[in-house]
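Okay, structure first, notes after.
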Amino acid sequence: MSRTPGKSMLAAGVAAALVMVGMTVTGASAAAGCRVTYTISSQWPGGFGANVTIDNLGDPVNGWQLTWSFGAGQTITQLWNGSFTQSGPNVTVTNTDWNGSLPTNGSASFGFNGSSTSSNPVPTSFALNGTTCTGAATPTSGPPTSAPPTSTPTSSPPPTTSGPWPPSSTFSNPVLWQDFADIDIIRVGDVYYYSASTMHYSPGAPILRSYDLVNWEFAGHSVPSLDFDSSAYNLSGGRAYVKGIWASAFNYRQSNRTFYWIGCTEFNRTYVYTAGTVEGPWTKRSRINNCYYDAGLLIDDNDTMYVAYGSTNISVAQLSADGLSQVRAQQVWTSPSNIGYIEGARFYKRNGYYYIWLTKPANGQYVLRSRSPFGPYEVREVLLNLPGPIQGEPGSVPHQGGMVQTQNGQWYYLAFIDAYPGGRIPTLAPVNWVGDWPVLQTVNGRWGATYPYPAVPRPPRQVKPMTGTDTFAGTALAPQYEWNHNPDNTRWSVNNGLRLQTATVTNDLYQARNTLTHRIQGPSSTATIELNYSGMANGDRAGLAMLRDSSAWIGIRRDNNTTRVVMTNGLTMNSSWQTTGTGTEQASAAVSGGRIWLRVNADVRPGAGRQARFSYSTDGSNFISLGPAFTLNHAWQFFMAYRYGIFNYATQALGGSVTVNRFDVTTP
């Protein structure tokens with residue numbers, strides 16, 4: 001993808017330079033000491049990439065700044081996992097929110113791209129919070145080292161990687177078994193980012209982060225709220241099921257150090273959101289009254305921004321200098337009858353060619369090529385009816401994703417496969433270039449179940465797991481969660497638990513606001529919530545759902561001052577996404593005490609007949625099955641997969657509340 005730092009820049013035969021530097025400081029009070037490893041990871045005419053690791057050998061540090069001086073006029077142009085300032089040769093790098101805490105023997109890493117002249121010597125001295133790094137710890141006078149005030153990390157970063165690298169000779173597909181469709185993928189330095197569609201879920205357009213293309217973590221959302229000029233996204237005066245965020249464009253512009261998200265909603269308008277970091281804050285910057293349907297964003301070598309978009313008739317738009325409005329739009333290609341309907345554009349540039357990457361849903365991939373962004377374009381087939389990588393299951397043809405180039409020049413295609421009821425899950429394969437055309441690397445005539453592990457640098461840290469335990473500490477939800485439509489933010493909070501006040505009076509879960517969802521980990525997983533229901537009012541319903549257009553749930557009903565745990569199924573919507581069934585109670589049991597554990601085990605392997613089973617516990621250890629197994633709908637038309645849904649709504653009057661003290665997602 002154009003403008004990805006380091007792309008097509010690695011010079012053959014350039015050896016990485018590495019240096020570890022330091023100096024001794026003496027004193028009488030706290031212990032201070034550090035070691036810095038500075039590695040030149042790549043070089044190209046006029047520029048270079050570098051990775052820096054700080055090892056704290058002294059007392060714990062809460063907030064850090066690293067300073068050094070360049071010796072040959074080098075200039076940092078872009079930095080990740082930190083922020084920087086530069087005055088002449090003097091550089092200061094400051095921690096981000098999540099990596100500011102350095103325990104004794106702890107470490108932090110960051111990377112950057114820079115410009116250079118004919119020489120690029122490695123800096124000879126570094127200082128951590130004013131203490132020169134020597135590679136040893138010595139006592140110093142004064143208080144423990146600290147940087148200027150910085151925001152407090154909400155949680156400790158995952159540990160740095162250790163052991164052999166790469167961790168294995170191969171990786172397995174799917175690389176991630178969760179529902180992340182309509183993939184756009186970029187690399188910024190040594191970090192990979194992955195954007196996906198979310199339709200009616202809020203916040204929208206999740207961003208995943210990886211350092212090796214195999215292991216991914218949640219990083220943020222490009223669209224903080226579905227602010228799309230319609231109250232239906234608030235479940236008010238209508239509803240927006242299967243509307244909202246479809247395939248959208250995501251890229252990074254190096255010239256202004258800004259991430260861009262561009263997406264069309266409801267086929268008639270396009271919104272542009274920007275941020276300085278993927279974590280945000282993201283801001284809605286403009287509305288363009290043209291639908292960039294299934295858009296791909298290219299930032300050309302001269303910093304001009306182009307969008308490729310459309311279905312069957314493919315167009316290219318040139319954006320204004322700030323990327324917020326349209327300067328020109330032109331149709332550039334029409335799919336011939338032998339190919340048929342086509343969509344899912346992604347836009348790249350390589351070796352002077354412009355490439356528009358297109359999908360034939362749901363069984364093919366094609367690519368257009370031209371010397372100009374506005375054509376004329378020629379077309380090649382990349383894959384058609386290629387068997388997918390899930391062994392023992394038919395799966396589907398991998399399609400509608402994006403390509404990305406690694407630091408060493410290798411290209412990969414990250415696509416998704418239709419794997420309902422678990423949704424559209426990502427799968428990765430190498431791409432080779434033959435005569436300036438991309439050629440997918442297959443294994444025995446199919447998309448490989450395994451491939452050689454990507455040859456990328458050792459990650460600076462482990463990514464956060466996609467499953468695990470959340471106690472809802474802090475004051476914000478973690479990025480793995482999305483609400484069913486926009487929430488009423490006056491009726492929920494987190495701080496050592498998720499408190500849900502009733503936000504809607506209804507007998508229809510599909511109409512209830514403030515249902516919090518979490519993707520289901522495949523091929524099977526178990527979700528458990530610990531629920532304090534002592535604040536529920538008569539008529540309230542709260543619990544844990546398997547949420548889709550055909551749904552079921554286990555939860556608490558409070559009626560006539562009595563409390564029961566119930567299993568309910570038969571919640572359905574029709575093809576217009578209007579409710580056709582509000583549910584039928586299948587089993588119940590009387591409960592008391594104000595606290596209960598609710599559990600659902602979900603089998604989301606692709607195919608018909610997959611089931612979810614519900615159970616509950618009054619002590620957190622011994623679980624009792626409740627109700628019949630629920631057979632999951634595996635039709636594709638709702639697009640989004642089943643999700644775990646945590647809900648609390650009223651059927652009589654607002655005023656009740658529940659607290660979710662803990663949420664666990666585990667795998668066998």
Parallel, tilted or perpendicular: ring planes of [X] versus [Y], cut at 30 and 60 degrees:
X    : Y    : result
Y273 : W261 : perpendicular
Y355 : Y353 : tilted
H518 : Y481 : perpendicular
W246 : F639 : tilted
F630 : F614 : tilted
W216 : Y194 : perpendicular

Do [X] and [Y] meet the criterion of a side-chain donor-acceptor pair at a distance under 3.5 Å?
X    : Y    : answer
Q405 : Q410 : no
T270 : Y309 : no
R599 : T528 : yes
D508 : T579 : yes
D212 : S210 : yes
Q441 : Y451 : no
Y354 : K349 : yes
R613 : Q611 : yes
S550 : N633 : no

* To do: State, yes or no, whether a side-chain contact exists between P206 and E482 at a heavy-atom distance under 4.5 Å.
  => yes
* To do: Report the C-alpha separation of K360 and E343 in whole Å, then their side-chain angles, then the decisive distance to 0.1 Å, and conclude whether the salt bridge (charged side-chain N to carboxylate O under 4.0 Å, His left out) test is met.
  => CA-CA 7 Å; K360 177 181 173 63; E343 61 180 17; over 6 Å; no
* **Crowding at CG, N444 (>12 non-hydrogen neighbours, <6.0 Å)** => no
* Under 6.0 Å from the CZ atom of R285, do we count more than 12 heavy atoms belonging to anything else shown? -> no
Ring centroids only, cut at 6.0 angstrom: are [X] and [Y] within range, meaning strictly under it?
X    : Y    : result
W483 : F647 : no
H485 : Y241 : yes
H399 : F416 : yes

* To do: Could you check F638 against Y420 for ring pair (Phe, Tyr, Trp, His ring centres under 6.0 Å), going step by step and ending with a plain yes or no?
  => CA-CA 10 Å; F638 192 74; Y420 294 101; 9.6 Å; no
* Asked: With sequence neighbours left out, what residues match D179 under side-chain contact (heavy atoms from CB on, under 4.5 Å)?
  -> R424, M640, A641
* Could you list the residues that satisfy side-chain contact (heavy atoms from CB on, under 4.5 Å) with A608, not counting sequence neighbours? => H634
* To do: Please report the C-alpha distance between R346 and D294 in whole Å, then the side-chain angles of each, then the deciding distance to 0.1 Å, and finally whether the salt bridge (charged side-chain N to carboxylate O under 4.0 Å, His left out) criterion is met.
  => CA-CA 8 Å; R346 298 291 177 235; D294 277 19; over 6 Å; no
Under 3.5 Å, side-chain donor or acceptor atoms of residues 372-383 against the rest of the protein: list the pairs with distances, not counting sequence neighbours.
unit_1, atom_1, unit_2, atom_2, d
S372, OG, F374, N, 3.2
Y377, OH, S372, O, 3.4
Y377, OH, P373, O, 2.7
E378, OE2, R369, NE, 3.2
E378, OE2, R369, NH2, 2.9

* To do: Show the numbers, then the answer: is there a salt bridge (charged side-chain N to carboxylate O under 4.0 Å, His left out) between D229 and R287?
  => CA-CA 10 Å; D229 304 303; R287 168 176 164 160; 2.9 Å; yes
